[in-house]
Amino acid sequence: MSGLRVLVGCKRVIDYAVKIRVRPDSLGVVTDGVKHSMNPFDENAIEEAVRMKQKKVVKEIVVASCGPSQSQETIRTALAMGADRGIHVEVPAGTDANLQPLAVAKIFSKLVEKEKPDLVILGKQAIDDDANQTTQLLAGMLDWPQGTMASVVNASDGSLTITREIDGGLEDISVSLPAVISADLRLNEPRYATLPNIMKAKKKKIEKMTPDKLGVDITPRLKILNVVDPPVRQAGDKVPDVTTLVEKLKEKGHL
Amino acid sequence: MFCLRSCSRSSLFKLLSNSRSISSSCVDPNVGLTTDEIEYRDAALNFAKTELAPNMQTWDLTEEFPVDTIKRSADLGFGGLFVSPDYGGLSLPRHDGSVIFEALSQGCVTTASYITIHNMVNAMIDTFGTEAQKEKYCTDLSSMEKLASYCLTEPGSGSDAAALVTNAKKEGSKYIVNGSKAFISGAGATDLLVVMTRTGGKGPKGVSALIIDTDTPGISYGQKEKKIGWNNQPTCVVNFDDVEVPCENLLGAEGQGFNLAMHGLNGGRINIASCSLGAAQQCLEDVVQYTHDRKAFNQPLNANQHVQFKLAEMATEITTARLIVRQAARSLDAKEPNAVALCAMCKLYATERLFKVCDDALQLHGGYGYLKSYPVQQFWRDSRVHRILEGTSEVMHMLVARDLLKHL
């Protein structure tokens with residue numbers, strides 16, 4: 001199997017090492033002046049696409065991101081890792097916090113119509129909303145098979161065998177192409193963006209679009225009512241022996 | 001060619017999950033950088049955090065020169081930052097080099113410093129070399145197929161570099177080199193040397209630079225020196241006993257060697273100062289976390305105004321040092337007339353002030369600062385030598401004073 005076109009999605013999120021602060025209006029978190037980077041699972045997605053290209057299974061990698069103008073930096077990182085060209089679906093800054101998986105799935109479904117990829121790879125979830133919905137919604141909209149939480153992907157004639165990480169352990173499935181898969185952390189070790197590739201990436205094309213032009217209504221369907229810090233961790237109790245421990249657990253209704 | 005990681009990212013997440021980044025604060029090294037420069041810094045910092053930081057302390061204890069990791073950095077382009085793309089380089093300005101070396105030093109000062117020395121030598125050949133020399137050496141240096149060392153200092157002459165006595169007598173189509181070089185970084189593990197030798201009379205005008213392959217017969221090394229820092233870089237005396245060097249290996253013209261050496265050091269001083277920046281930045285990030293976590297007298301250390309003020313001073317020192325280092329780099333890139341003095345100023349200011357920042361960070365760690373299990377003492381030990389090599393702080397004073405007085 002060779003010559004496939006892959007569409008990979010990536011999202012610009014607050015960097016995982018940053019201390020998150022809730023906004024004074026309790027409707028979200030502070031993003032101004034805060035370090036952002038590519039969603040870690042999306043790095044796995046791009047890495048997998050690049051590896052498939054090195055194995056000559058894939059011929060072209062198109063990377064797409066929906067977000068404010070700074071999302072272009074994220075697309076550039078993907079290009080530096082080895083994607084061939086980018087698509088930036090621009091959403092006004094400020095509204096991007098409310099860009100929900102349903103809207104993103106609709107946008108990607110339009111991009112699929114336009115680009116006609118054989119495979120779509122997304123990160124399994126974004127570390128800001130932890131939704132884990134876009135892949136499934138997109139597969140439903142396209143009526144394509146899905147392989148989510150993929151930790152191993154192997155290509156063979158017209159189909160993929162995928163190992164999924166699920167609650168019970170590992171599940172092996174086979175999906176025929178075209179398909180949508182979502183990358184898990186253990187799928188691969190993303191490569192470094194090297195300086196020469198960063199410089200080459202500057203010459204690669206990024207096409208700009210808007211949801212309007214794609215005919216997608218991105219109005220949020222879910223309204224955020226309140227965002228609060230998790231409760232401060234309380235001190236625990238020390239117990240003298242296992243019997244007391246079991247009693248206490250039963251008391252608190254945990255057993 | 002892609003560059004694989006040696007350390008898994010999930011273990012990296014565990015490593016970093018306990019440390020929060022003050023990177024968006026006033027001491028953020030990204031302040032003042034363009035988007036491109038931020039990308040370069042991110043690439044270097046990523047490599048530093050994944051490949052260097054987890055190993056820095058082990059390498060210091062075992063004194064291993066991490067050749068594999070250093071060569072892997074060449075895949076990211078760190079072998080020929082300032083060299084022409086015709087020879088595998090990236091032709092980056094010195095300013096971008098400073099940003100990159102600062103980031104690498106946050107992972108390991110010693111490894112980053114070696115990479116700066118390698119780049120300095122590669123750039124010298126690219127700037128002053130003939131086509132044949134560049135083709136023969138620069139491509140291999142850019143890919144780090146070969147590693148390089150810079151040989152100027154001798155047992156009898158350091159600051160008074162022009163008093164060097166290692167000589168090269170021309171005999172037909174060869175130079176015969178005799179003498180010794182001291183304090184040579186990488187010696188014994190590198191493949192190529194650029195050696196400043198005396199081919200003419202006394203003083204700077206009698207000095208010529210030669211490119212010497214280390215497998216040339218007659219080269220031997222002294223015992224590896226035992227140092228208090230820069231331990232994962234071997235430092236030795238290099239002896240030359242009737243070493244035959246073909247005339248084609250003369251770098252630049254006869255008598256130009258001293259100028260060449262000084263030219264290389266201008267960039268080298270910015271690089272070393274940048275390594276001090278990385279050390280101080282990492283020390284500050286570590287100590288901000290430590291003084292948050294550590295409690296004394298029923299409150300975290302950072303509830304004390306003294307501690308807060310100390311952190312503020314340290315942050316201010318780092319930010320101001322960064323400004324002069326980057327300014328010196330821009331000045332060198334623009335070939336401004338005062339660039340040499342500015343490079344001297346930046347090394348003088350940054351290496352001295354930032355060592356004190358590392359010292360303050362060590363003190364704030366209390367007893368733990370004295371333990372080798374904490375990285376702060378290694379940044380302190382490693383950055384101490386930056387006040388000495390590539391031109392002592394005292395020599396930097398001389399250069400700045402000379403610049404002022406020449407305008408009288």
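Below, chain A is the first sequence line, B the second, and so on; all start at residue 1.
- Salt bridge status for Arg76(A) with Glu39(B): absent, with no side-chain N to carboxylate O gap under 4.0 Å.
- Taken to the nearest 0.5 Å, the CG atom of Leu52(B) stands 5.0 Å off from the CH2 atom of Trp59(B).
- Counting heavy atoms from C-beta outward, Lys53(A) and Leu4(A) have side chains that stay 4.5 Å or more apart.
- Heavy atoms of Leu81(B) lying under 4.5 Å from chain A belong exclusively to its side chain.
- Along residues 93-108 of chain B, the residues that come nearer than 4.5 angstrom to chain A, judged on non-hydrogen atoms, are Ile100(B) in order of number.
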Return a table of donor-acceptor pairs under 3.5 angstrom between the side chains of residues 82-89 of chain B and protein atoms on other chains or two or more places apart.
from     : atom 1 : to        : atom 2 : distance (Å)
Ser84(B) : OG     : Asp86(B)  : N      : 3.0
Tyr87(B) : OH     : Glu131(B) : OE1    : 2.5

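- When only modelled atom types and interatomic distance are considered, Gln281(B) and Glu285(B) share a side-chain donor-acceptor pair under 3.5 Å.
- For NZ of Lys202(A), the number of neighbouring non-hydrogen atoms (other residues, nucleotides, ligands) closer than 6.0 Å is greater than 12.
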